[in-house]
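Residues take their numbers from the sequence shown, with the count starting at 1.
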Amino acid sequence: MTLMANSGLHVDSGGGGIVFLGGSHWWDDLPLEGKRNQDKILTEYRQYRDLVRVLIRRLSDDSQREFDAADRVVVENIDQRGATWCETVPEAQAKTLDAVDKIQGLLDRLYSPEAEALVIPDTNALIMGAPLEQWSFDWCDTFTVVLTPTVLAELDELKIAHRNPEVRTKAERIIRQIKEYCRRGDLRAGVPIVTGRIKARSIAVEPKLDESLPWLDPTNNDDRLLASTIEIIRQNVRSVVVLVTGDINLQNKAQHARLPVSEPPTQSETVE
């Protein structure tokens, strides 16, 4: 951790009979460069911490207590306020890294089916991108396109209400395509788009935003899609899950939520 390069500790013996409950070593005041680095690291850690907290929310109470204890260690050693039980900066760094490993290890306790690549398109990726059977990504050979309730509802609305007839036509075409997928089998379980390379799957349950990241707005469709993506990650924690969107605002929100994002494939990027 580069923060620790600017950190220091000093000893306060607690003269006058005073006993310090937080330890007898105190953090030195950070220089300006260290404070700037501290703010950056703390912001990034809190974004990561909030996502992990959502993912593990259904683990046991013991696991939640382990998470809280590890989180306190990380925050205290990044925040560096007052006394600490650590006697040296390397000791504080080692304990911080160990706590982060414990938090990461909690994700291993989540049930997950066999790992696969899951791509979650927003509505514009389906409307403006290449046809799904032509999609390809340089980071995977086979993948499953996951269709969420938010996107399916937007497609239904677009085919009727959008002022641009071309958009209405494209939305209607995609809906017909999805209905064709349903005739191939149970779309909830997954059906082939291109045999051996691309599958389609749908999820029917709307996300519970009160169980997701606190800054997501339940009235905003982009935020609902982010909540669905997080829930898909929780249920498939050993899979590669990527949100596919060309929308810069949604990309920005996804990055803030620390979610992987990919641009939708275009006609020129597709395989023959």
Side-chain angles (χ1 to χ4, degrees), residues 40-59 67 71 74 100 103-129 132 135-140 142-154 198-265 269:
K40 177 178 182 292
I41 293 173
L42 197 55
T43 298
E44 291 177 349
Y45 169 71
R46 284 171 173 161
Q47 292 171 350
Y48 161 79
R49 185 256 323 264
D50 289 347
L51 178 58
V52 173
R53 179 180 280 131
V54 173
L55 295 176
I56 67 168
R57 69 181 185 274
R58 295 183 184 174
L59 289 182
F67 172 85
D71 176 55
V74 176
V100 171
I103 291 173
Q104 187 70 20
L106 291 172
L107 297 175
D108 290 335
R109 303 180 189 181
L110 296 173
Y111 169 76
S112 177
E114 184 178 350
E116 58 181 329
L118 305 175
V119 299
I120 306 168
D122 73 346
T123 306
N124 282 338
L126 296 174
I127 293 286
M128 307 305 294
L132 285 176
W135 276 27
S136 65
F137 300 93
D138 57 11
W139 44 269
C140 66
T142 63
F143 56 90
T144 297
V145 178
V146 182
L147 303 169
T148 64
T150 297
V151 167
L152 295 176
E154 284 186 334
I198 308 174
K199 292 193 298 184
R201 183 190 306 166
S202 68
I203 58 174
V205 179
E206 289 277 4
K208 296 181 179 179
L209 269 75
D210 59 346
E211 295 182 347
S212 194
L213 297 176
W215 52 270
L216 295 180
D217 180 356
T219 66
N220 184 287
N221 280 345
D222 282 353
D223 289 10
R224 298 190 68 80
L225 181 57
L226 290 174
S228 290
T229 302
I230 292 169
E231 184 62 16
I232 291 167
I233 292 173
R234 189 188 69 80
Q235 296 177 6
N236 300 272
V237 73
R238 277 170 279 286
S239 295
V240 177
V241 180
V242 179
L243 178 65
V244 178
T245 178
D247 185 318
I248 186 63
N249 185 52
L250 181 53
Q251 289 178 350
N252 183 56
K253 285 186 174 183
Q255 289 166 1
H256 183 70
R258 305 189 73 80
L259 300 178
V261 181
S262 178
E263 288 281 341
E269 296 170 341

*asked:* Assess the residue pair Q104 and Y48 against the criterion (side-chain contact (heavy atoms from CB on, under 4.5 Å)); give the C-alpha distance rounded to whole Å, side-chain angles, the decisive distance to 0.1 Å, and a yes or no.
replied: CA-CA 10 Å; Q104 187 70 20; Y48 161 79; 2.7 Å; yes
_Could you walk me through whether V261 and V242 satisfy the side-chain contact (heavy atoms from CB on, under 4.5 Å) test, starting with their C-alpha distance in whole Å, then the side-chain angles of each, then the deciding distance to 0.1 Å, before giving a yes or no?_
CA-CA 5 Å; V261 181; V242 179; 5.6 Å; no
*Determine, step by step, whether I120 and V151 satisfy the side-chain contact (heavy atoms from CB on, under 4.5 Å) criterion, reporting the C-alpha distance in whole Å, the side-chain angles of both residues, the deciding distance to 0.1 Å, and the verdict.*
CA-CA 10 Å; I120 306 168; V151 167; over 6 Å; no
*Determine, stepwise, if the pair L213 / L226 fulfils side-chain contact (heavy atoms from CB on, under 4.5 Å).*
CA-CA 9 Å; L213 297 176; L226 290 174; over 6 Å; no
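Here the straight-line distance linking atom CD1 of I103 with atom CD1 of I56 works out to 8.0 Å at 0.5 Å rounding. Here CD of E231 is found 7.5 Å from CD of E211. Values are rounded to the nearest 0.5 Å. A distance of 8.0 Å separates CD in E154 from OG1 in T148, rounded to the nearest 0.5 Å. Atom CG of residue D222 and atom CG of residue L250 lie 4.5 Å apart, to the nearest 0.5 angstrom. To the nearest 0.5 Å, atoms CZ (R234) and CG (L59) are separated by 9.0 Å. The OG atom of S228 sits 10.5 Å away from the CG atom of L243 when rounded to the nearest 0.5 Å.
Residues forming a salt bridge (charged side-chain N to carboxylate O under 4.0 Å, His left out) with D71 (at least two apart in sequence, or on another chain): R49. Residues satisfying the salt bridge (charged side-chain N to carboxylate O under 4.0 Å, His left out) criterion with D223, sequence neighbours excluded, are K253. D50 pairs by the salt bridge (charged side-chain N to carboxylate O under 4.0 Å, His left out) definition with R53, not counting sequence neighbours. For the side chain to side chain donor-acceptor pair (under 3.5 Å) test, no residue two or more places apart in sequence or in another chain qualifies with R46. R109 meets the side chain to side chain donor-acceptor pair (under 3.5 Å) test with S63, E66; sequence neighbours excluded. Under the rule for a ring pair (Phe, Tyr, Trp, His ring centres under 6.0 Å), the partners of F143 that lie at least two apart in sequence or sit in another chain are F137. Residues meeting the side chain to side chain donor-acceptor pair (under 3.5 Å) test with D217, sequence neighbours left out: T219. For Q255, the side chain to side chain donor-acceptor pair (under 3.5 Å) test picks out no residue, with sequence neighbours left out.
Using a 4.5 Å heavy-atom cutoff, the side chains of L107 and L55 are in contact. Side-chain contact between V119 and T144 is absent, with no heavy-atom pair separated by less than 4.5 Å. At least one side-chain heavy atom of L132 sits less than 4.5 Å from a side-chain heavy atom of L126. Residues N221 and L225 are not in side-chain contact: their nearest non-hydrogen atoms beyond the backbone lie 4.5 Å or more apart. A 4.5 Å side-chain heavy-atom check between Y111 and V237 finds every atom pair outside the cut-off.
Nearest heavy atom pair, residue G246 against residue P264, reads N-CD, 3.5 Å. The two residues I230 and S212 have their closest heavy-atom pair at CD1-OG, 3.8 Å. P121 and L147 get closest at one heavy-atom pair: CG-CD2, 4.4 Å. Here the shortest heavy-atom pairing between E44 and R258 reads O-NH1, 3.9 Å. When all heavy atoms of A125 and W135 are compared, the closest pair comes out as O-CZ2, 3.7 Å.
Remark: the backbone N or O of I232 is paired with a side-chain donor or acceptor of N236 at under 3.5 angstrom.
Within the structure, ring pair (Phe, Tyr, Trp, His ring centres under 6.0 Å) pairs that include any residue of residues 202-234 comprise W215-H256 (at least two apart or interchain). Note on residues 237-248: pairs passing side-chain hydrogen bond (donor to acceptor under 3.5 Å, both in side chains), not counting sequence neighbours, are D122-T245. Residue pairs meeting the ring pair (Phe, Tyr, Trp, His ring centres under 6.0 Å) criterion with at least one partner in residues 221-242, sequence neighbours excluded, do not occur; the list is empty.
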Side-chain atoms of residues 201-208: list all donor-acceptor pairs with protein atoms under 3.5 Å, sequence neighbours left out, distances to 0.1 Å.
from, atom 1, to, atom 2, distance (Å)
R201, NH2, E116, OE2, 2.6
E206, OE1, R224, NH2, 3.1

